[in-house]
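Worksheet: the structure to be examined is printed underneath.
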Amino acid sequence: MVSNCRTYAIANQKGGVAKTTTVASLATAWSELGLRVLAVDLDPQACLTFSLGLDPDALELSIHDVLLGRVPARMVIQPVAEGPHVLPATIDLAGTEAMLLTRTGREYALRRALEDLHDDYDLIALDCAPSLGVLTINALTAADEVIVPLQCETLSHRGVGQLLDTVYDVQRLTNPELHVLGVLPTLYDGRTNHSRAVLADVAMRYGLDVIDPPIPRSVRFAEAPAVGRSILRTAPSTPGALAYRVLARRLAGVTVPADESVYPSVAVVEAATTGSAGAAGPGTPMANVGERQ
Ligand code: ADP
Ligand code: MG
């Protein structure tokens with residue numbers, strides 16, 4: 001039976017580009033839509049685990065044990081107040097890569113673990129570590145789509161080529177079905193020519209689509225992880241939260257907003273996120289990721 005579960009890897013080996021924020025926000029927004037969601041923490045720093053309200057230090061079992069084949073993922077997954085289920089990480093994950101290195105089929109460890117869960121979830125989001133090591137290759141091997149969050153500042157493009165080389169290797173060797181959805185502008189300030197120029201440069205240089213809507217920069221984002229809540233709860237009507245809701249709806253192919261105040265139209269978000277409409281300037285496609293009908 002073919003499952004409808006879609007798996008998104010959020011990857012960029014640069015730290016601080018909002019990978020974890022994106023996974024936490026999308027997972028929360030998808031849950032609000034009534035979808036069954038699993039958020040997977042693949043970073044030994046366990047920021048996703050923490051920011052969704054679990055204490056990594058108090059966990060007996062984690063994704064480390066799953067990747068090493070010691071326990072099934074179901075034994076480790078926990079529901080959280082924000083709505084999604086979480087496959088949590090602990091600092092043990094720092095040792096997983098070394099332990100996997102001697103194993104045949106190490107790239108497939110996550111894929112194998114998640115395959116059993118495809119009937120249980122509509123969407124799975126993978127929060128990658130800031131590296132291109134075995135854990136990120138596991139994520140890319142397990143994913144249908146990869147989203148590359150990008151902070152639009154000078155030198156942002158450095159590393160994108162390397163990430164894409166890794167993606168091409170994965171497509172060739174372990175996951176021919178992997179598709180690059182595009183770059184997601186995060187911490188975006190559409191008012192500055194600089195952000196727009198950086199975005200246009202990266203999109204052109206690497207032939208990547210730019211995912212719409214961009215996620216505007218907002219100080220309110222910094223507050224959410226500390227209290228184990230998503231931005232969608234701590235600051236539900238900020239432009240950033242609205243943008244993540246629109247993105248979540250598009251990625252899930254949900255077209256009918258149940259309540260416009262909670263699920264605003266794209267126009268509302270674009271009005272709120274200064275200059276986001278056509279923000280990349282003339283000649284640069286702002287890819288609409290496609291509201292599937
Ligand atoms: P990564 O997982 O790529 O390392 P994080 O999601 O942890 O990045 O984000 C890095 C920092 O940036 C965090 O402090 C987070 O709160 C902050 N941040 C994320 N998105 C935004 C945003 N749109 N506006 C302002 N700050 C943000
Ligand atoms: Mg992170």
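Keep in mind it's a predicted model, so treat the numbers as computed, not measured. Numbers here simply count residues along the sequence, with the first being 1. Indexing begins at 1, ligand by ligand and atom by atom, following the structure's order.
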Quick one: which of T20, T21, L187, N12 has a heavy atom closest to atom 27 (C) of ligand 1?
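Result: the heavy atom closest to atom 27 (C) of ligand 1 is in L187.
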Heavy-atom contact check, 4.0 Å cutoff: does [X] meet ligand 1?
X    : value
P216 : yes
S218 : yes
V17  : yes
G16  : yes
P130 : no

Which ILVMFWY residues are connected to L117, directly or by a chain of links, through side-chain heavy atoms under 4.5 Å apart?
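Members alongside L117: L38, V40, L42, L61, I63, V66, L67, V71, M75, V76, I77, L87, L93, L110, L114, Y121, I124, L126, L135.
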Presence of salt bridge, R74 and D116, under 4.0 angstrom:
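Salt bridge between D116 and R74, a charged N being under 4.0 Å from a carboxylate O: no.
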Taking only residues at least two apart or on different chains, which pairs with a member in residues 103-112 satisfy side chain to side chain donor-acceptor pair (under 3.5 Å)?
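For residues 103-112, and leaving out neighbouring residues, the side chain to side chain donor-acceptor pair (under 3.5 Å) pairs sorted by first residue read R111-E115.
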I want to verify a count. Protein N, O or S atoms less than 2.8 Å away from the Mg ion (ligand 2), how many are there?
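Counting protein N, O and S atoms closer than 2.8 Å to the Mg ion (ligand 2) gives 1.
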Listed partners of T166 passing side-chain hydrogen bond (donor to acceptor under 3.5 Å, both in side chains), at least two apart:
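Per chain and number, T166 pairs via side-chain hydrogen bond (donor to acceptor under 3.5 Å, both in side chains) with no residue.
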Apply the side-chain contact (heavy atoms from CB on, under 4.5 Å) test between K19 and each candidate in T22, V17, V23; give the one that qualifies.
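Testing each of T22, V17, V23 against K19, the sole residue satisfying side-chain contact (heavy atoms from CB on, under 4.5 Å) is V17.
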